[in-house]
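Along the sequence shown, the residues carry numbers beginning at 1.
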Amino acid sequence: MLRLAIAAMLLSSPAFAQVATLAATDGKNALGTVPCAAGGEPLSSCHAELRHHDDGTTTLAVSLGAGEVRSIYFTDGVPTSSSSPAKISHETRGDLTVVFIDPDEVYEIPSAALIRQ
């Protein structure tokens with residue numbers, strides 16, 4: 001029983017959580033990773049590029065592997081559409097904006113990154 005409790009504690013540790021990372025920025029655009037999942041898989045780190053545009057919109061391009069890229073378009077920090085024809089929705093969880101694209105894509109983006117500084 002003690003082993004089970006220790007294993008549960010370690011697996012729920014933030015060290016095992018997927019988090020967004022920043023690799024480079026020029027103050028307007030950024031390269032890094034965001035937690036993402038598709039096809040019923042668990043969250044993993046996906047390479048991403050965040051581009052802030054002069055009109056106040058933001059584009060997040062996420063590499064899904066096998067050469068596929070999902071673009072998510074934001075206005076004032078709110079996702080409005082994507083490169084997928086499927087339905088898009090979102091919710092705020094603390095300081096994260098979690099984007100859902102039907103049927104099974106999930107992206108976790110730090111909300112602060114979506115607002116141009």
Passing option when Tyr107 is tested against Thr97, Val98, Ile101 for side chain to side chain contact (heavy atoms under 4.5 Å, CB included): Ile101
Shortest non-hydrogen contact from His90 toward Phe100: CA-CD1, 4.2 Å
Value rounded to 0.5 Å, distance of OG in Ser84 from CD in Glu68: 9.0 Å
Sole candidate of Ile88, Val78, Thr59 that passes side chain to side chain contact (heavy atoms under 4.5 Å, CB included) when paired with Tyr73: Thr59
Asp76, CG atom: more than 12 neighbouring heavy atoms under 6.0 Å: no
Pairwise distance CZ(Arg51) to NE2(His53) - rounded to 0.5 angstrom: 6.0 Å
Non-hydrogen atoms of Gly40 and Asp104 that approach each other most closely: N-OD2, 3.7 Å
Polar side chain donor-acceptor pair, Thr58 to His52, under 3.5 angstrom: yes
Sub-4.5 Å side-chain heavy-atom contact between Val62 and Val34: yes
Short side-chain to backbone donor-acceptor contact, Ser82 and Ile72, under 3.5 Å: no
Side chain to side chain contact (heavy atoms under 4.5 Å, CB included) partner of Phe74, chosen from Ile115, Thr80, Thr57, Leu60: Leu60
Step-by-step side chain to side chain contact (heavy atoms under 4.5 Å, CB included) determination, Cys36 to Glu108: CA-CA 6 Å; Cys36 75; Glu108 295 184 351; over 6 Å; no
Residue pair Leu43 / Pro35: nearest heavy atoms and the distance that separates them: CD2-C, 4.0 Å
Atom of Ser63, atom of Cys46 and distance for their closest heavy-atom approach: O-CB, 3.5 Å
